[in-house]
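Here is how names work: the chains are called A, B, and so on, in the same order as the sequence lines, proteins then strands, and each is numbered from 1.
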Amino acid sequence: MKTREITLISDLEKNDLRRVKRKILRFYHSFGRDLPWRKTDNPYHILVSEFMLQQTQVSRAIEHYEQFIKKLPDFESLVKVRTPLLLKLWSGLGYNSRALRLRAAARVIVKNHGGKFPEDADMLKKLPGIGEYTSAAILAFAFNKPVPVIDINIRRVLLHEFGIDNSVSNEELSFIAQRMIPRGKSALWHNALMDYGAALSAEIKKLYPPLTKQSKFRGSRREARGYILRILLKKKALSKQELLQMISHREKEKIFAQLKAESFISVKNGLVRLK
DNA sequence: TTCCCGTCCA
DNA sequence: TGGACGGGAA
């Protein structure tokens, strides 16, 4: 690993780094996207946007971001929000656990950090729903810290521009990514990288497939879960029998139990509702 | 039908 | 380390 890093970096001429850097910055200057969460460095807003952007296209996050921020404008409101409204604001984004984790993370920040937003990757990664990527993204976009942010698109840019083999890990890649960040311009630079990466052709993207693969959605438990939550969003409360009658999945009992265990739903007086 | 996107947990 | 976790658009 160590030797590999060094080999990787020494293979890259300084000129290559400079050339690629210039190209990406020029691209951003001409074609950079004007996204709602780029108008702010409010850590709360950045936190919300980054949770939304996990496994979710920009176009879809845009549609939900404004409304979410409007209804839940700060940590205090997010910490207090009830699950039904939270899930309503999230609905359509997918991966609903992210919404619960976002609220849980906000609660930890308010309680344990006294509302002072953690500005350290290790502290951020201890929060629910925040992993390697999101911690780096928050530090770069909210605090302009010179940390390498590597999502799948940025990974593609680096691999492709430098002709690096797809077997290289993000950890190894981070040594190069780190060196490319212009002094004092981490947020701008990573916006540029992301826009450049998003604009890569489908052919190039196919050369660097996602690190994780998805099982089918049609007929899946995931689909049934989403459906159950949407029913409860609409009907407020109904009996378990009524609810499960509307579901055709053969594992619906298990799925129901799991949603309960994850605190999406609760049962009181024989009525099921969003928790 | 395939594509697009990180985090968590066993 | 591999599987679970959404849902709209192409």
Side-chain angles (χ1 to χ4, degrees), chain A residues 33 35 37 46-65 68 86-105 108 121-141 147-157 167 169-171 173-174 190 193-195 197-233 247 249 251-252 254-265:
Chain A
R33 295 171 294 184
L35 305 175
W37 44 86
I46 302 294
L47 181 75
V48 170
S49 70
E50 287 303 336
F51 265 77
M52 287 184 172
L53 289 163
Q54 291 169 2
Q55 292 286 281
T56 302
Q57 295 99 318
V58 165
S59 57
R60 210 158 0 144
I62 290 174
E63 296 167 4
H64 291 78
Y65 174 81
F68 193 99
L86 179 62
L87 292 182
K88 180 176 173 230
L89 293 171
W90 203 263
S91 122
L93 280 168
Y95 294 116
N96 299 296
S97 299
R98 289 182 297 167
L100 302 189
R101 290 179 188 147
L102 174 59
R103 183 177 59 187
V108 174
D122 289 324
M123 286 204 292
L124 283 171
K125 278 191 278 188
K126 287 197 181 83
L127 299 175
I130 299 185
E132 192 61 44
Y133 163 77
T134 305
S135 64
I138 289 168
L139 292 176
F141 294 128
V147 296
V149 182
I150 306 182
D151 69 352
I152 183 62
N153 276 320
I154 292 179
R155 175 182 168 83
R156 284 170 175 141
V157 172
S167 66
S169 71
N170 281 354
E171 196 185 349
L173 215 47
S174 71
H190 286 105
L193 269 179
M194 288 191 166
D195 289 0
L200 287 176
S201 71
E203 292 72 43
I204 292 175
K205 288 187 184 184
K206 260 189 290 197
L207 295 176
Y208 313 100
L211 278 7
T212 55
K213 46 186 173 298
Q214 274 292 334
S215 53
K216 285 233 179 315
F217 178 60
R218 289 289 161 218
S220 70
R221 295 173 59 127
R222 298 203 312 287
E223 183 181 40
R225 280 166 61 96
Y227 186 47
I228 289 174
L229 294 185
R230 264 177 279 133
I231 290 171
L232 290 170
L233 229 28
I247 312 299
H249 200 286
E251 292 181 280
K252 56 190 179 186
K254 258 186 206 146
I255 294 169
F256 181 88
Q258 192 181 333
L259 285 171
K260 207 172 142 200
E262 290 175 59
S263 282
F264 278 108
I265 59 180

Take A/T56 and A/E63, find for each the nucleotide of DNA chain C with the closest heavy atom, and name the residue whose nucleotide sits nearer the 5' end.
->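 It is A/T56, whose closest nucleotide lies nearer the 5' terminus.
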Using only heavy-atom distances, determine whether the side chains of A/Q258 and A/R221 contain a donor-acceptor pair under 3.5 Å.
->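 A/Q258 vs A/R221: donor-acceptor pair found between side chains.
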Would you kindly say whether A/R101 and A/Q54 are connected by a side-chain donor-acceptor distance under 3.5 Å?
-> no
So what does [X] touch, heavy atoms closer than 4.0 Å: a base, only the sugar-phosphate, or nothing?
X      : answer
A/Y133 : sugar-phosphate
A/S215 : nothing
A/L127 : sugar-phosphate
A/E262 : nothing
A/R230 : sugar-phosphate

Between A/I247 and A/K252, the two heavy atoms sitting closest are O-NZ, 2.9 Å
Scanning both residues in full, the closest heavy-atom pair of A/K205 with A/G197 reads CE-O, 3.7 Å
Note: for A/K206 and A/K213 on DNA chain B, the residue whose nearest nucleotide lies more 5' is A/K206
Does A/R101 or A/R60 map to a spot on DNA chain B nearer the 5' end, using the closest nucleotide for each?
-> A/R60
For the pair made of [atom1] in [X] and [atom2] in [N], what is the distance, rounded to whole Å?
X      : N     : atom1 : atom2 : answer
A/L259 : C/dC5 : CG    : C1'   : 11 Å
A/Q214 : C/dG7 : CD    : C1'   : 10 Å
A/F51  : C/dC5 : CZ    : P     : 19 Å
A/R98  : C/dG6 : CZ    : C1'   : 8 Å
A/R218 : C/dA9 : CZ    : P     : 12 Å
A/L87  : C/dG6 : CG    : P     : 11 Å
A/R222 : C/dG3 : CZ    : P     : 13 Å
A/I255 : C/dC5 : CD1   : C1'   : 12 Å

Between A/R225 and C/dG6, does any side-chain N or O lie under 4.0 Å from OP1 or OP2?
-> yes
Could you give the distance from CG (A/L93) to CD (A/Q57), rounded to the nearest 0.5 Å?
->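 One gets 10.5 Å once the value is rounded to the nearest 0.5 Å.
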Enter the distance from A/N153:CG to A/Y208:OH here, rounded to the nearest 0.5 Å.
-> 12.5 Å
NZ/A/K254: more than 12 non-hydrogen atoms of other groups inside 6.0 Å = no
Bounds of contact between DNA chain B and chain A, in 5' to 3' order, using a heavy-atom cut-off under 4.0 Å = B/dT2 to B/dC8
